[in-house]
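Okay, so here's the structure we're looking at.
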Amino acid sequence: MSVVGINRITYSTDRTEEARRFYADWGLTPLGNDVWETLNGGQVHVVAPNASHLPPAFEPGPTLRQVQWAVSNASELTEFAKTLPSSTLENGVLTTLDPHGLSIQFAVDTRRKVDVQGAAFNPYGREARIDTPSPVYERATPIEIGHVVLFTDRLAEAEAFYAKLGFVVSDRYPGRGVFMRGAPEGGHHDLFMLQLPNKLAGLNHVAFIVRDIHEVFGGGLAMSRLGWKTQLGPGRHPISSAYFWYFENPCGGLIEYNADEDHLTEKWQPREFTPGPTMFAEWAIDGGIDGHTRRQPNVAQSGAFLTEKRRR
């Protein structure tokens, strides 16, 4: 059994109008009825908090209500059903609850292949971008839903649950958190679960993959210009090598532009880390970058070049 990605996520919120503006600004394509999609067809659904077709939310307020994981073929659903005796299989969708009470589904991959590539880079001695400038993005158009991060109050139980479903440990904070990918080969993690003292289960964030670091910057600057609040970023995670920019999400938790994460295979050996600021971010800008001045908020005083001398 293995998971090949995320077909769909569903949020609930009472801030519906704000959510509509947010996902349009985030760069998703509206499909109507409060559904948006990424370039490869991964979907974001937004429903009312009292939506009757979903189990109760696993935390108060706007939050994630369901994740539909993608599998490669229908025969895999039978194997998942054997592992999940309390699940229901209807119309090709297997539904159950994870240990946190979050509704999760498994269905054949509905996403489409897209011909999208990030910019070539010129590391010393391996020039790949010749006579071509790097791109500058005016906004982001996310390619796919990358990963989900949950707070957990039962880390060992949750890890064992997802391991039975074929998720593989990539790295961990012993006793505190575990990064898991849905198959032996793939991006660094599809799921990260973090256990904090006196913190109940809930949503931390959902990440959306963009082309490259330039699109992380372009998307983040666009969101800033449009008035959305940065939580942290841009920055770089040393554990997954990914570049990030986090924003507050009216549908709950945070939301992330993410690019250039490590690609792992069955040869990868999980590492163990001690939690700390340097493990979370090699570098990061607190408060983001102002989309108008292109400087840190409350720092930039003019648009002058750094080589221009200030008048005294």
### Query
Pick from E256, R181, H188: which one makes a side chain to side chain donor-acceptor pair (under 3.5 Å) with H147?
E256

### Task
Check the surroundings of atom CG in N73: do more than 12 heavy atoms from other residues, nucleotides or ligands lie under 6.0 Å from it?
yes

### Message
Quick check for you: to the nearest 0.5 Å, what is the distance between F273 atom CZ and R172 atom CZ?
### Response
12.0 Å

### Backbone N/O of E157 and side chain of R154: donor-acceptor pair under 3.5 Å
no

### Task
Report yes or no: does D260 contribute a side-chain atom to a donor-acceptor pair with the main-chain N or O of A242 at less than 3.5 Å?
no

### Summary
Rounding to 0.5 Å, atoms OH (Y257) and CZ (F217) come to a distance of 14.0 Å

### Message
Working to the nearest 0.5 angstrom, can you tell me the gap between M223 CE and D25 CG?
### Response
6.0 Å

### Close aromatic pair by centroid cut-off 6.0 Å: F244 and H237
yes

### Task
Write down the atom of R211, the atom of L39, and the distance for their closest heavy-atom approach.
NH2-CD1, 3.6 Å

### Task
Would you confirm whether W268, through its side chain, and S170, through its main-chain N or O, come within 3.5 Å as a donor-acceptor pair?
yes

#### Entry: Considering all heavy atoms, the nearest T38-I143 contact
OG1-O, 3.1 Å

### Closest non-hydrogen atom pair between L84 and T96, with its separation
CD1-CG2, 3.8 Å

#### Entry: A119 backbone acceptor or donor facing D212 side chain under 3.5 Å
yes

### Task
Give a yes or no answer on whether the side chain of E215 reaches the backbone of T141 with a donor-acceptor pair at less than 3.5 Å.
yes

### Query
If every non-hydrogen atom of E144 is compared with every non-hydrogen atom of R111, which pair is closest and at what distance?
OE2-NH1, 3.8 Å

### Query
Taking all atoms of both residues into account, what is the closest heavy-atom pair of V93 and A107, and its distance?
CG2-CB, 4.2 Å

### Query
Would you say E127 has more than 12 foreign heavy atoms packed within less than 6.0 Å of its CD?
yes

### Task
Kindly compute the distance separating CZ (R176) from CG (L194), expressed to the nearest 0.5 Å.
6.5 Å

### From Q68 atom CD to N7 atom CG, the distance as rounded to the nearest 0.5 Å
4.5 Å

### ring pair (Phe, Tyr, Trp, His ring centres under 6.0 Å), paired with F167, selected from F80, F161, W69
W69

### Side-chain donor or acceptor of D290 paired with backbone N/O of R294 under 3.5 Å
no

### Message
Tell me if a side-chain donor or acceptor on Q195 pairs with a main-chain N or O of L155 at a distance below 3.5 Å.
### Response
yes

### Task
Indicate yes or no for a side-chain donor-acceptor contact from S224 to the backbone of I289 under 3.5 Å, with no hydrogens or angles considered.
yes

Tabulate below the donor-acceptor pairs under 3.5 Å that side-chain atoms of residues 57-66 make, not counting sequence neighbours, or state none.
from, atom 1, to, atom 2, distance (Å)
E59, OE2, T63, OG1, 2.5
E59, OE2, L203, N, 2.9
R65, NH1, S12, OG, 3.1
R65, NH1, P49, O, 3.0
R65, NH2, P55, O, 2.6
Q66, OE1, R8, NH2, 3.3
Q66, NE2, S103, OG, 2.8

### Query
Hey, would you say the F208 and W245 ring centroids sit under 6.0 Å apart?
no

### Query
Stepwise, does the ring pair (Phe, Tyr, Trp, His ring centres under 6.0 Å) test hold for H205 with F192?
CA-CA 10 Å; H205 75 268; F192 175 51; 8.3 Å; no

### Query
Are the side chain of D171 and the backbone N or O of R271 linked by a donor-acceptor pair below 3.5 Å?
yes

### Query
Applying the side chain to side chain donor-acceptor pair (under 3.5 Å) test to Y23, which of D34, T29, N249 qualifies?
N249

